[in-house]
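Here's the structure we're looking at; comments come further down.
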Amino acid sequence: QVQLQESGPGLVESSQTLSLTCTVSGASIITGINYWNWLRRPPGKGLEWIGYIGYTGRTYYNPALKNRTSISRDTAKNQFTLQMSSVTPEDTAMYYCACAIDPRVPPRPVAADFESWGQGTQVTVSS
């Protein structure tokens, strides 16, 4: 059974870089035909898709966030990482990693669009 777990600082200062790691167990991030996603839910708002890294290593990003978002992976550790630069309080959200079997990104993502989810980690950006 695929399990994902987010980790990283819960508090980030404005203008700094947010860095989160998703540790995957129960599946390889390179040998399965899967897409390893980051999403977030700001307070009082819906899910926002951030981007993913596919099993081939190719990345795709939300155009609204692309200029300051980078997703990478450490295959030896079976982990993938989110880095978001120049954060502001608008980036405060619950951040999730999730696994999908479809490379297509739904316009309004919901939990059922993904096979497995991490429990989420709260990130607060201070002003």
Side-chain angles (χ1 to χ4, degrees):
Q1 183 171 333
V2 178
Q3 294 183 328
L4 303 90
Q5 183 170 356
E6 304 89 346
S7 61
L11 182 64
V12 183
E13 294 182 349
S14 291
S15 81
Q16 299 301 302
T17 296
L18 180 160
S19 296
L20 297 172
T21 296
C22 184
T23 300
V24 179
S25 62
S28 169
I29 64 172
I30 61 172
T31 60
I33 305 175
N34 294 316
Y35 304 87
W36 306 96
N37 292 257
W38 286 102
L39 306 96
R40 67 183 185 181
R41 187 189 295 275
K45 299 180 181 179
L47 277 173
E48 181 181 31
W49 177 73
I50 299 170
Y52 70 68
I53 185 164
Y55 64 102
T56 66
R58 191 167 186 173
T59 54
Y60 291 88
Y61 302 105
N62 184 334
L65 303 171
K66 183 177 181 179
N67 66 327
R68 58 190 186 96
T69 302
S70 179
I71 298 173
S72 58
R73 65 183 182 178
D74 184 334
T75 59
K77 296 181 178 180
N78 213 40
Q79 296 176 329
F80 62 105
T81 299
L82 170 68
Q83 293 189 304
M84 185 176 293
S85 64
S86 303
V87 297
T88 74
E90 293 295 314
D91 295 308
T92 293
M94 185 73 74
Y95 284 75
Y96 301 90
C97 55
C99 175
I101 59 172
D102 193 324
R104 296 171 296 180
V105 181
R108 298 179 183 271
V110 298
D113 294 322
F114 301 87
E115 299 298 308
S116 302
W117 289 81
Q119 65 183 1
T121 187
Q122 176 67 39
V123 178
T124 299
V125 179
S126 62
S127 59

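Side chains included, hydrogens not; waters and symmetry mates left out as well; all remaining heavy atoms used. Along the sequence shown, the residues carry numbers beginning at 1.
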| query | Between atom CE of M94 and atom NZ of K45, what is the distance when rounded to the nearest 0.5 Å? | reply | 15.5 Å
| Quick one: does N78's side chain have a donor or acceptor within less than 3.5 Å of a partner on V24's backbone? | yes
| task | May I ask you to test the F80-C97 pair for a side-chain heavy-atom distance under 4.5 Å? | result | yes
| message | How about CD1 on I33, more than 12 heavy atoms from neighbouring residues, nucleotides or ligands closer than 6.0 Å, or not? | response | no
| remark: Smallest heavy-atom separation, T69 atom then L65 atom, equals OG1-O, 2.7 Å
| Atom CD of Q5 with >12 non-hydrogen neighbours under 6.0 angstrom | no
| Shortest non-hydrogen contact from T88 toward S14 | CA-OG, 4.1 Å
| task | Measure across F114 and P109 and return the closest heavy-atom pair with its distance rounded to 0.1 Å. | result | CE1-CB, 4.2 Å
| said: Please tell me whether I29 and L82 are part of a single hydrophobic cluster in this structure, the criterion being side-chain heavy atoms less than 4.5 Å apart. | reply: yes
| said: With rounding to the nearest 0.5 angstrom, report the CG to CZ distance, L47 to R108. | reply: 12.0 Å
| Roughly how far, to the nearest 0.5 Å, is CD1 of I53 from SG of C22? | 12.0 Å
| message | Test your reading of the model: is there a side-chain donor-acceptor pair from R73 to the backbone of Y55, 3.5 Å cut-off? | response | yes
| said: If hydrophobic clusters are built by linking Ile, Leu, Val, Met, Phe, Trp and Tyr wherever their side-chain heavy atoms come under 4.5 Å apart, do W36 and L20 end up in the same one? | reply: yes
| Say you draw a straight line from CH2 of W38 to OG1 of T81; how long is it, rounded to the nearest 0.5 Å? | 7.0 Å
| Straight-line distance of D102 CG to E115 CD, nearest 0.5 Å | 9.5 Å
| task | Indicate the atoms forming the closest heavy-atom contact of V125 with E13, along with that distance. | result | CG1-C, 4.1 Å
| task | Tell me, with the steps shown, if K77 and T21 meet side chain to side chain contact (heavy atoms under 4.5 Å, CB included). | result | CA-CA 11 Å; K77 296 181 178 180; T21 296; over 6 Å; no
| field | Linked, directly or transitively: Y96 and Y35 (ILVMFWY side chains, under 4.5 Å) | value | yes
| request: Kindly give the heavy-atom pair with the smallest separation between D113 and A100, and that separation in Å. | output: O-CB, 4.2 Å
| query | Under 4.5 Å between side-chain heavy atoms, hopping through other hydrophobics if needed: is there a path connecting I71 to Y95? | reply | yes
| field | Side chain Q83, main chain S19, donor-acceptor under 3.5 Å | value | no
| said: Would you say that D91 contacts R40 through its side chain, given a criterion of any heavy-atom pair below 4.5 Å between the two side chains? | reply: yes
| Taking it one step at a time, do R68 and V87 satisfy side chain to side chain contact (heavy atoms under 4.5 Å, CB included)? | CA-CA 9 Å; R68 58 190 186 96; V87 297; 4.2 Å; yes
| said: Would you say Y61 ends up clustered with V105 if hydrophobic residues are merged whenever their side chains have heavy atoms under 4.5 Å apart, either directly or through other cluster members? | reply: no
| query | For V2 and A27, which heavy atoms make the closest approach, and how far apart are they? | reply | CG2-CB, 3.6 Å
| said: Using 0.5 Å steps for rounding, measure from the OG atom of S116 to the CG atom of L4. | reply: 6.0 Å
| said: Does the plane of the ring in Y52 sit parallel, tilted or perpendicular to the ring in Y60? Use 30° and 60° as the thresholds. | reply: tilted
